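Reading through the structure tokens given below for one structure.
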There are 2 protein chains.
Amino acid sequence: MTDLRPAPDAPATGLRERKKRRTRDALLRAALLLFVSQGYDRTTVDEITDAVEVSQRTFFRYFANKEEVAFAVQDLVESHFVAALRARPASEGPVEAMRGAVLAAWDTVEEAISEVVPVDLYMRGYQLIESTPALLAVHLRRSTELEEEIARLIADREGLDLDADPRPRVAVAAFCGVMRVTGRLWGQGEDTSVEAIRRMTEAYLDQIRPALAAHWHRPPAAPGPAPAASATGV
Amino acid sequence: MTDLRPAPDAPATGLRERKKRRTRDALLRAALLLFVSQGYDRTTVDEITDAVEVSQRTFFRYFANKEEVAFAVQDLVESHFVAALRARPASEGPVEAMRGAVLAAWDTVEEAISEVVPVDLYMRGYQLIESTPALLAVHLRRSTELEEEIARLIADREGLDLDADPRPRVAVAAFCGVMRVTGRLWGQGEDTSVEAIRRMTEAYLDQIRPALAAHWHRPPAAPGPAPAASATGV
DNA sequence: TGTGAAGTGTCAGTCGCTGTCACTAGCCTG
DNA sequence: CAGGCTAGTGACAGCGACTGACACTTCACA
């Protein structure tokens, strides 16, 4: 068969590959929809595979476990952030660069994932993770792995040896700790928009230096559950 | 109802109560020993119950799930830390108080847990948690709950409204982020002693302010995988 | 066009965990 | 101290996540 289709730009190889991708995507979407509509725990793997009409065994050939499918999109978002961090100018300090990267990443999540899943489905998925104990636990463990990656990146930027200088890991840990609080509080709030979490991110990061001051004599810059962004401290 | 038994000081009530406590402790110890000797995943609940000669059903009446038994001692250590934090003088700033509490808690873990389990078994258990993905995930989720408790405590100390002022949660998040890195690196090292983790804790906490400085122009105070304690920054 | 391998379905089995029910043993009352 | 109450337990059946083994279909490539 003289293959006339030039596989335009995507890595569209043989029929087999495309079929595989299709079933994987179908499983992913079906799972996400079931999860957000009826909850993670109340969704069985059989329900997912029934919706896609494959056997349960096939599901476990694509995803190591039921949790993994819930983090497929999260994976994309995380690499998106890492890419944003790599793109920060070398002139920026470590914390400055991380802050810039997070905000830039939120500004452009849509284009990073919309091919796979609409943004609001992802946001609902993120909320599901934050509110489902089993998923939250896995999320936090995955986050520590991401933290290590970021620490390596920061050490590289600064030309430091990660194992000789504790600052990269310490800075990243403090930074990510604040990010996690942000994610948690966002998940508990009502506004589930990207803008909301972006706004909160900015506000909470602005509080990190004031919060670590030796004494809190003055009230913070802008009080409130999701305070407006503005830093008194450096 | 004329209750003549004054229940002297310990909660030593009837025979029933004592029997319960005994089987619970037996399950706990058997589980911990099996976990550290052959690994968490390679230990089945049946093995644990066989060692204590009770039915599997009984195990799940004492522990909600297999993970819970691995965190029973950790629970004690965490309340020990919270108690230490409550005991800090009001004159100390938030970060100062947390730092003091952690170090004081490590100095006195032994007396806090030795009645239930020898310290080195606890330390090996802690290492197990750090090195077992399933346990690490749960550990991190539990840690966020502890974080919230600490944040409330700090807010109280400072006379602030936790939901109006972001600084308590931000400070605690940054602090606990650094603590977590410490725990992880300790788990990977060879020295599993309490002294080792105490030393690392001190060293890494000393790096939090330098690490968050806008730019890292100078090398850190004391480089090395487990740097000696000494703070350049505030 | 036939051969090998990739992908899938089926089946049986393990392990964590839960509901149910009957039974035993401490406890409490009369 | 007899008899009833109930907390704690064991036995059993069953669900859901996950795995290994094997046979079958279907694409790929010579």
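Because the structure is predicted, anything quoted here is derived from the model rather than measured.
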Can E147(B) and R169(B) be said to form a salt bridge (charged side-chain N to carboxylate O under 4.0 Å, His left out), step by step?
-> CA-CA 8 Å; E147(B) 260 184 58; R169(B) 284 205 182 95; over 6 Å; no
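Distance, K66(A) NZ to dG16(C) P: 18 Å, rounded to whole Å. One can place CZ of R18(B) at 13 Å from C1' of dC27(C), the figure rounded to the nearest angstrom. Rounded to a whole Å, the CZ atom of F63(B) is 21 Å from the P atom of dC15(C). Atom CZ of F60(A) is separated from atom P of dG13(C) by 19 Å (rounded to the nearest Å). Taking atom CG of D41(A) as the reference point, atom C1' of dA17(D) lies 12 Å away to the nearest angstrom. One interatomic measurement links the two molecules: CG of L27(A) to P of dG7(C), which rounds to 14 Å at whole-angstrom precision. Atom P of nucleotide dC15(D) and atom CG of D46(A) are separated by 12 Å, given to the nearest angstrom.
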Under the 3.5 Å Watson-Crick or G-U criterion, the dot-bracket string of DNA chain D, with | for inter-strand pairs | ||||||||||||||||||||||||||||||
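The pair R124(A)-D120(A) meets the salt-bridge criterion, with a side-chain N (NZ, NE, NH1 or NH2) lying under 4.0 Å from an Asp/Glu carboxylate O. Using a cutoff of 4.0 Å between basic side-chain nitrogens and carboxylate oxygens, E202(A) and R198(A) are scored as salt-bridged.
Within a heavy-atom distance below 4.0 Å of DNA chain C, no residue of residues 130-140 of chain B is found.
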Summary of protein contacts for nucleotides 1-14 of chain D, nucleotide by nucleotide, where a base hit scores B, a sugar-phosphate-only hit scores S (4.0 Å, heavy atoms) | ------SSBBB---
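Among the protein residues, T49(A) comes within range of no part of the nucleic acid, since none of its heavy atoms lies under 4.0 Å from any strand.
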